[in-house]
Amino acid sequence: MKAKIAFLYGPKDLRVEEVELSSLKPDQILIKLKACGICGSDIECYEGLSAEGRYDIAPYTPGHEWAGQAVEVGSDVTSVKPGNKVVGDCVLPCNNCANCKDGMMPSACLNMREVGFRPDSPGGWGEYMILEEQYTHVIPDDWDYELGAWVETFNVGYWGLWGTDCNPDASDSVAIIGGGPIGLTAAMTAKTSGAKVIVIEPIAARRENALLYGADVCVDPTKHDDLEAELKRLTDGKGPSVVVECSGNDAGIASLFDIAGHNCRIGLIGHSIGRKVNVELGKIIWKTLKITGSGGTKSWFPRTIRFLSRIKDKYDFAALNTHHFHFRDLNKAVEFACHNKDVARKVMLTYDD
C-alpha cells in the first residue's frame, strides 16, 4: 500500500514523498491520520534550532500531536479494533532493557524511540502511520479528532504537575512560565486542583488567552525589573509554592530559582536541549527547592484521556486551533507556524477532504 509521507531531511528541507508502507507485524496497528498539531518543537527542528529531531541520522517524519483511526490491526492486537479513534505516546520505552525493568522513565530507556523525531519512529505528518499496540490508546467515540490531537500536548502539562510530584492543591500558588500550548495545559490542570494560577508570559495575546484557560492572573516579565518582588506581591510575600517551566526560553529558565518561594516544588517541562543557561545554584540550597525533570511520561496517556474527558466541556478546546491547513498544504502550514508564533495558538493539520 502506498501513502504520501513527509520527511524532514534537514533545516527547512521538508519533502512529501509517496512511499510503500511496510506490512504490519503481529503487534502493530495501521492508522489513518485525521488531525495533527504543529508543535513548537517541530518548528525548532525544522528551523535547525533543536537537536531533538534526528535528521543527522536519516530523514524522519515529524508530528507527535496526532489523532487518527485504526484501519487494520496485527494478529496479536486485542485492545484496539478497526474503526477505533486512537492517539499514541511520543517517547517510546522498550520495556525490556535494564533501565525499563528498573522502573526508570522512558527517557532512560537504552533503546528509546521518539515518535516524530527519529527515523525509526515515524510521526503524524503523513496519510498513514504504523504504531505498536502498547503505545496506542483508544479515545472516546464522541471526541472529534482535533481534540484527540491535543492529548499528547495535554499529557505533557498534566504530567508536568502531577507526574513530577509538584502535586498542587488549593493551598498552593502555582507560577507557570510560558503561556504557549504546554503552559495552557499546565494552567488548566493546576486550576482543576483549586490552586491560584499565575502565568508569566511576555506576549500580550498569550496572556489574554491564558486568562481563558485556567490563569487567575498573568504577568508580563518585561514590565518588571524585579520579577521576584512581583511574584511575592501576588503570593502574600511568600513566592510561589509551585513553579512549572513550560517555555524552554533561556530567560524563563534563568528566572526559576529567583522567583520560587522557599520549599517550592519545581517542574521542568520546556525543552532546552543543546543549550546551557546561567542560574544561581545557591538558591536551590538556601530555598530548599525540589526540582524534577519530565523526560517523557510513564503510562500516563490513559489518565490524561480520562482527565480531559472530565474537563473538556469547561474550556473551548476548538478555539485553541486557530489555524487549519490540509496535509496537502503542509509546507505552507509549517512556514505559517514559523512566522506567526505570536498569534497562532495551534496550527492544526487536517487530512479529510
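In this chain, residues are counted from 1 in sequence order.
Salt bridge status for Asp172 with Lys196: absent, with no side-chain N to carboxylate O gap under 4.0 Å.
Figure legend: Arg15 and Tyr9 shown as a cation-pi pair, the cationic atom lying under 6.0 angstrom from the six-membered ring centre and within 45 degrees of its axis.
No more than 12 heavy atoms of other residues, nucleotides or ligands lie within 6.0 Å of NZ in Lys4, so this atom counts as exposed by the packing criterion.
Note: Leu184 CG to Thr189 OG1 = 10.5 Å, rounded to the nearest 0.5 Å.
Close placement of the Trp300 and Tyr158 rings is indicated, their centers lying within 6.0 Å of each other.
Leu330 has its side chain within reach of Val16: a pair of non-hydrogen atoms, C-beta onward, lies under 4.5 Å apart. Counting only heavy atoms from C-beta outward, the side chains of Phe317 and Met188 approach each other to under 4.5 Å.
Residues Asn321 and Trp150 have side chains that bring a donor and an acceptor to within less than 3.5 angstrom of each other.
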### Verdict with reasoning, Lys346 to Glu146, per salt bridge (charged side-chain N to carboxylate O under 4.0 Å, His left out)
CA-CA 11 Å; Lys346 176 62 67 179; Glu146 291 188 14; over 6 Å; no
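A tilted orientation is assigned to the rings of Tyr351 and His326, their planes being inclined by 30° to 60°.
In terms of modelled atom types and a separation under 3.5 Å, the side chain of Asn99 and the main chain of Ala108 share a donor-acceptor contact.
There is a path of hydrophobic side-chain contacts, each under 4.5 Å, that joins Leu268 to Leu231.
Listed by chain and residue number, nothing satisfies the salt bridge (Lys or Arg N to Asp or Glu O under 4.0 Å) test with Glu114 (two or more places apart in sequence, or in another chain).
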